[in-house]
Amino acid sequence: MKQSDLFTKTRKEAPKDEVSRNAQLLTMAGFVHKEMAGVYTYLPLGLRALRKIENIIREEMNAIGGQEMLMTTLQDPELWKKTDRWVSEDVDPSTGMPWFKTELASGGELGIANTHEEALTNIMKNHIASYKDLPKYPYQIQNKFRNEFRAKSGLMRGREFLMKDLYSFTRTNEELEDFYEKCAEAYMRIFKRAGLGDITYRTFASGGSFSKFSDEFQTLSEAGEDTIYLDEKKNIAVNKEVYTDDILEELSLDKKNLKEVKAIEVGNIFRLGTKFSEALGLTYTDDSGNENPVVMGSYGIGLGRLMGTVVEVYNDENGIIWPEEIAPFKVHLLSLSSEGEPKKQADEIYEKLLADGVEVLYDNRQDTSAGQKFAEADLIGIPYRVVVSKKSLKSGGVEIKQRGTDDAKVISVDELFKTV
Ligand code: ATP
Ligand code: MG
């Protein structure tokens, strides 16, 4: 893409009302636009990074048997009354849900979905009858709406945000356990591919409806809202919310080996058991003809939170440093001349990179100074910066530098194509 065609502009100053680093940088670099607290639009660069994240998640979910679908935002209150989850947090903060609700013009309330256990359990009643129909793993990547009390962490805590939510429908607890572990491994692959592998830990957290624990995936960061106790050797952690002497004993963890750290919950998986299937009447007949409730689990990842986390972790004073797999482009090509041989070379390199299928943002702007181009390239944070100028051509080619490193070097044009 030519930068002269990109409609977004960068800005030098962080918006005054943003306190979180991720929202500051993503706004300055032109990735997102804040509509109001906790509500963000993805601009073209932001959408490109988001799509990368989405595709990683989709690939990994498909690889463990996930089947993608898309459920509705508007929700029927009657379903939620059957599970006692129609009650709002403002009514009962301990058991209530963070609802946004609305009303039909013709009268009657509707819900705006904050999660989809009820809706999907009800749908599956039409599709699951016998043990032969199980197991099944539907999922979606869809906007959720939550009336969060505070929205202060930029993309990491929104009131409208994209979530991947997968739900498992299995015959037995063993079958649930089997998939649960598979999904936990897939989650670690996702976070690794997003660049967070070395600093993301599976963490024991409060369990929800069925089991004692759920598993959170916590990425170490000072910007995190959660406190966890980490055993680096054993590669596991415990969330402060379940941290007691009894629990440590149960998990065979020794206080001496635990480090208290701040972390961001990028994903969460739950064993649901039969809570939803029993409340909503989702059953299957087993091979002896007996009717049993279906055993369920739910598995979430917030895509915006994941993007925000990556930005919190990978930045410097000049801007974002995108990990390669989720960067909006792989190469940022900067042309410093508006005419002559350098301009011609830069145009040719751009066309050839495109023809080779390399994702490249081409800063071909004529009215922008070299200094401004360098500053914007650092702010946007694309992994490879490639500069074509009179000077670089004189030294034998183009200057290439990886974002986040200082070692710019001149390589030949042939070598450039081999490198990227
Ligand atoms: P939290 O404890 O942070 O409020 P949660 O436990 O309520 O989150 P889940 O219902 O487990 O969240 O949602 C699954 C995933 O969706 C979370 O792990 C997180 O990545 C993401 N998520 C949850 N709430 C938000 C939000 N308000 N904004 C962005 N992402 C969110
Ligand atoms: Mg959670």
Side-chain angles (χ1 to χ4, degrees), residues 20 22-23 26 32 34-40 42 46 50 53-54 56-57 61 85 88-89 93-100 112-118 120 139-167 180 183-184 186-188 190-191 194 196 200-211 213-219 221 223-228 237-242 262-272 276 296-313:
S20 69
N22 71 86
L26 288 165
V32 301
K34 183 190 200 170
E35 301 293 340
M36 58 188 110
V39 182
Y40 291 89
Y42 289 89
L50 186 70
I53 293 172
E54 198 175 300
I56 292 174
I57 294 175
M61 291 299 100
R85 297 213 298 173
S88 292
E89 244 164 29
S94 64
T95 57
M97 301 288 281
W99 275 113
F100 282 107
I112 298 181
N114 52 63
T115 182
H116 277 87
E117 283 84 0
E118 280 78 353
L120 185 56
Y139 77 95
Q140 63 176 346
I141 296 171
Q142 190 255 17
N143 262 342
K144 299 280 184 277
F145 296 82
R146 292 188 181 179
N147 209 339
E148 300 277 358
F149 195 72
R150 291 164 305 129
K152 64 171 170 85
S153 306
L155 269 69
M156 300 195 303
R157 184 170 296 287
R159 297 198 166 103
E160 169 176 349
F161 59 95
L162 261 189
M163 193 199 284
K164 183 282 300 176
D165 43 332
L166 183 147
Y167 302 85
Y180 192 86
C183 191
Y187 269 35
M188 288 311 296
I190 290 167
F191 300 128
L196 302 174
T200 301
Y201 293 87
R202 199 168 158 176
T203 304
F204 290 96
S206 59
S209 49
F210 171 62
S211 57
F213 301 115
S214 73
D215 286 77
E216 290 175 344
F217 294 81
Q218 293 276 3
T219 303
S221 166
E225 290 181 17
D226 287 26
T227 301
I228 63 170
V238 183
N239 195 310
K240 189 174 185 175
E241 65 188 23
V242 296
K262 286 277 179 204
I264 302 165
E265 179 204 313
V266 286
N268 201 180
I269 61 179
F270 294 90
R271 302 171 182 90
L272 300 175
F276 293 92
M296 292 171 54
S298 74
Y299 312 80
I301 295 180
L303 282 76
R305 186 177 293 183
L306 181 53
M307 188 191 293
T309 302
V310 166
V311 174
E312 289 289 340
V313 172

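One-based numbering, in listed order, for ligands and for the atoms of each. Because the structure is predicted, anything quoted here is derived from the model rather than measured.
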Which residue and heavy atom of the protein sit nearest [atom], plus the separation:
atom: atom 14 (C) of ligand 1; result: Met163 CE, 3.7 Å
atom: atom 19 (C) of ligand 1; result: Arg305 NH1, 3.6 Å
atom: atom 11 (O) of ligand 1; result: Asn268 OD1, 3.2 Å
atom: atom 18 (O) of ligand 1; result: Glu265 OE2, 2.6 Å
atom: atom 5 (P) of ligand 1; result: Arg146 NH1, 3.8 Å
atom: atom 22 (N) of ligand 1; result: Phe161 CE1, 3.6 Å
atom: atom 15 (C) of ligand 1; result: Gly302 N, 3.8 Å
atom: atom 4 (O) of ligand 1; result: Arg157 NH1, 2.9 Å

Whether [X] lies under 4.0 Å from ligand 1, heavy atom:
X: Met156; result: yes
X: Phe217; result: no
X: Gly158; result: yes
X: Thr115; result: no

- Which word best sums up how the rings of Phe217 and Phe191 line up, parallel for under 30°, tilted for 30 to 60°, or perpendicular for over 60°?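 Ring orientation of Phe217 relative to Phe191: tilted.
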
- Which atom, counting only N, O or S, brings Glu265 closest to the Mg ion (ligand 2)?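 Result: OE2.
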
- Query: Going by the order shown, which atoms of ligand 1 are within less than 4.0 Å of some heavy atom of Gly267?
  - Reply: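 So the answer, numbered in order with elements, is 18 (O).
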
- For ligand 1, which atoms sit closer than 4.0 Å to a heavy atom of Glu148?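 So the answer, numbered in order with elements, is 24 (N), 26 (C), 27 (N).
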
- Message: Apply side chain to side chain donor-acceptor pair (under 3.5 Å) to residues Ser214 and Asn268 and explain how you reach the verdict.
- Response: CA-CA 7 Å; Ser214 73; Asn268 201 180; 3.3 Å; yes

- Where does Val266 meet ligand 1, judged by heavy-atom distances below 4.0 Å: at the side chain, the backbone, both, or neither?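 Backbone only.
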
- Task: State whether Ser214 contributes an N/O/S atom found under 2.8 Å from the Mg ion (ligand 2).
- Result: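 Within the cut-off used here (under 2.8 Å), Ser214 places no N, O or S atom near the Mg ion (ligand 2).
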
- Message: Among Met156, Arg305, Met307, exactly one meets side chain to side chain contact (heavy atoms under 4.5 Å, CB included) together with Asn22. Which residue is that?
- Response: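 So the option named by the test is Met156.
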
- Message: Exactly one of Glu241, Glu216, Lys240 should register a side chain to side chain contact (heavy atoms under 4.5 Å, CB included) with Asp226. Which one does?
- Response: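 So, applying the side chain to side chain contact (heavy atoms under 4.5 Å, CB included) to Asp226 and each of Glu241, Glu216, Lys240, only Glu216 qualifies.
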
- Is there a donor-acceptor pair under 3.5 Å between the side chain of Asn239 and the backbone N or O of Ser206?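 No, because the side chain of Asn239 does not come within donor-acceptor range (under 3.5 Å) of the backbone of Ser206.
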
- Message: Keeping Tyr187 on the side-chain end and Gly300 on the backbone end, is there a donor-acceptor pair under 3.5 Å?
- Response: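 Judged by distance alone, yes, a pair lies under 3.5 Å.
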
- Query: Closest heavy-atom contact between Ala37 and Ala151?
  - Reply: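 Minimum heavy-atom contact is C-CB, 4.1 Å.
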
- Query: How close do Ala184 and Ile269 get, heavy atom to heavy atom, and via which atoms?
  - Reply: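 Shortest heavy-atom separation between Ala184 and Ile269 comes out as CB-CD1, 4.0 Å.
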
- Message: Against Lys144, only a single residue in Asp165, Asn114, Thr115 fulfils side-chain hydrogen bond (donor to acceptor under 3.5 Å, both in side chains); can you say which?
- Response: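 Result: among Asp165, Asn114, Thr115, Asp165 is the only option passing the side-chain hydrogen bond (donor to acceptor under 3.5 Å, both in side chains) with Lys144.
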
- Do Lys262 and Ser221 pass the side chain to side chain donor-acceptor pair (under 3.5 Å) test, and can you show the C-alpha distance, the side-chain angles, and the key distance before you say yes or no? CA-CA 6 Å; Lys262 286 277 179 204; Ser221 166; over 6 Å; no

- Arg271 to Tyr180, cation-pi by 6.0 Å centre distance and 45° axis angle: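 Here Arg271 passes the 6.0 Å and 45° test against Tyr180.
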
